[in-house]
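These notes are about the structure you will find just below.
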There are 2 protein chains.
Amino acid sequence: MLNYQLDRLFHALADATRRAMVERLCQGPATVSELKEPFAMSLPAVVQHLKVLEEAGLVTTSKQGRTRTCQIEPRALREAERWLQHQRTEWERKLDRLGELLEET
Amino acid sequence: MLNYQLDRLFHALADATRRAMVERLCQGPATVSELKEPFAMSLPAVVQHLKVLEEAGLVTTSKQGRTRTCQIEPRALREAERWLQHQRTEWERKLDRLGELLEET
DNA sequence: ATAATACTTAAGGACATGCTTAACTATCAG
DNA sequence: CTGATAGTTAAGCATGTCCTTAAGTATTAT
């Protein structure tokens with residue numbers, strides 16, 4: 001996975017509106033208007049957020065008739081999780097090595 | 001945990017330079033100049049990234065003499081991880097319920 | 001056919017971000 | 001004391017982000 005994908009992923013999650021959309025979509029699919037509903041924001045704004053989520057790979061959409069349905073793409077969430085997990089693990093390993101070193105001396 | 005903290009956290013991680021700094025610091029503490037070393041970037045730029053990491057709670061620093069030493073703050077990493085984990089879990093629960101529903105019918 | 005619905009496209013504006021260079025301060029080494 | 005080192009402060013600039021309104025298209029309902 002290239003770094004710029006992580007850029008997009010974390011950038012997408014760095015906005016409270018978009019995180020709320022992700023939370024909503026984790027409960028099940030929704031149309032654009034349904035996604036808009038909790039926000040005091042114009043529809044174009046919502047669609048722009050949606051575009052950011054799609055480009056991050058977090059959401060997929062498909063249009064049927066005049067309504068667009070949005071779905072979460074949990075693999076993307078997992079990639080972000082994995083990067084964080086990896087860093088934490090490295091950190092804990094480092095701590096363990098330090099602990100061993102202290103015991104030896 | 002307030003949302004704007006997650007904003008800062010994810011925003012801080014949305015930049016490849018800053019993620020590289022986090023990766024470096026997960027291996028152990030470093031001075032500002034050591035952090036700068038891999039990058040073709042001015043020192044002020046590095047310090048600005050560092051400030052973003054500090055405000056996100058990802059890094060703490062302390063100055064001794066003329067050198068500033070930077071350390072990772074793994075709790076912040078874990079908070080981001082937790083949010084992601086929670087969303088994934090909700091999603092998986094949702095899937096399970098859906099599976100049960102399909103078996104019933 | 002008409003009107004309402006569900007988006008979509010385009011343009012623009014206020015503010016944030018990620019850099020730069022230049023000039024500065026504080027500390028340590030010789 | 002002098003100079004090198006480590007970092008800081010300030011200003012400025014190009015570009016990106018997040019929103020808006022206005023005007024459009026395509027689909028569905030009456």
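Scope of the values below: all heavy atoms of this structure, side chains included, with no hydrogens, waters or symmetry mates. Numbered from 1 within each chain, the chains take letters A, B, ... in sequence-line order.
- Within 4.0 Å (heavy atoms only), A:Val52 reaches no atom of the nucleic acid at all.
- Out of D:dT21, C:dC19, D:dC18, the shortest distance to the side chain of A:Ser42 is found at D:dT21.
- Of the candidates C:dA22, D:dA29, C:dT8, C:dA22 carries the atom nearest the B:Pro44 side chain, counting heavy atoms from C-beta on.
- Residue B:Thr31 is in sugar-phosphate contact alone, with no base atom involved, counting any heavy-atom pair closer than 4.0 Å across all strands shown.
- One can place CG of A:Asp7 at 13 Å from P of D:dG16, the figure rounded to the nearest angstrom.
- Rounded to whole Å, the distance from CZ on B:Phe39 to C1' on C:dT20 is 17 Å.
- Protein atom CG of B:Leu13 is 12 Å distant from nucleotide atom P of C:dG18, rounded to whole Å.
- Rounded to an integer number of Å, the gap from CZ of A:Arg18 to P of D:dT17 is 9 Å.
- Panel note: side chain B:Arg68, backbone B:Val32; no donor-acceptor pair is recorded below 3.5 Å.
- When rounded to the nearest whole Å, the span between CG of B:Leu43 and C1' of D:dT9 equals 12 Å.
- For D:dC18, the OP1/OP2 oxygens have no side-chain nitrogen or oxygen of B:His11 closer than 4.0 Å.
- Using a 4.0 Å cut-off between charged nitrogen and carboxylate oxygen, A:Glu92 and B:Arg78 count as a salt-bridge pair.
- When the side-chain nitrogen and oxygen atoms of B:His49 are compared with OP1 and OP2 of C:dC19, one or more of them lie within a distance under 4.0 Å.
- Regarding contacts with the backbone of D:dT8, a side-chain N or O of B:Arg68 is found under 4.0 angstrom from either OP1 or OP2.
- Looking at A:Arg18, its side chain does come within 3.5 Å of a backbone N or O of A:Ala12 through a donor-acceptor pair.
- A donor-acceptor contact under 3.5 angstrom links the side-chain atoms of B:Gln48 to the base of C:dT20.
- Residue A:Lys63 places at least one side-chain N or O closer than 4.0 Å to OP1 or OP2 of C:dT8.
- Between B:Gln64 atom CD and C:dC28 atom C1' the separation is 13 Å, expressed in whole Å.
- Going from atom CG of B:Leu50 over to atom C1' of D:dT9 covers 16 Å, rounded to whole Å.
- You'll find the side chain of B:Met21 reaches within 4.5 Å of the side chain of B:Val46, heavy atoms only.
- For the side-chain contact (heavy atoms from CB on, under 4.5 Å) with B:Val59, the qualifying choice from B:Leu35, B:Leu50, B:Val52 is B:Leu50, the only one to do so.
- Atom CD of B:Glu54 and atom C1' of D:dG7 are 13 Å apart (whole Å).
- The A:Arg66 side chain lies nearest to C:dA6 when the options are C:dT8, C:dC19, C:dA6.
- Distance from the side chain of B:Thr67 is smallest to D:dG7 among D:dT20, D:dG7, D:dA29.
- In this structure, A:Ser33 reaches the sugar-phosphate backbone alone: every heavy-atom distance under 4.0 Å involves primed, P, OP1 or OP2 atoms, never a base.
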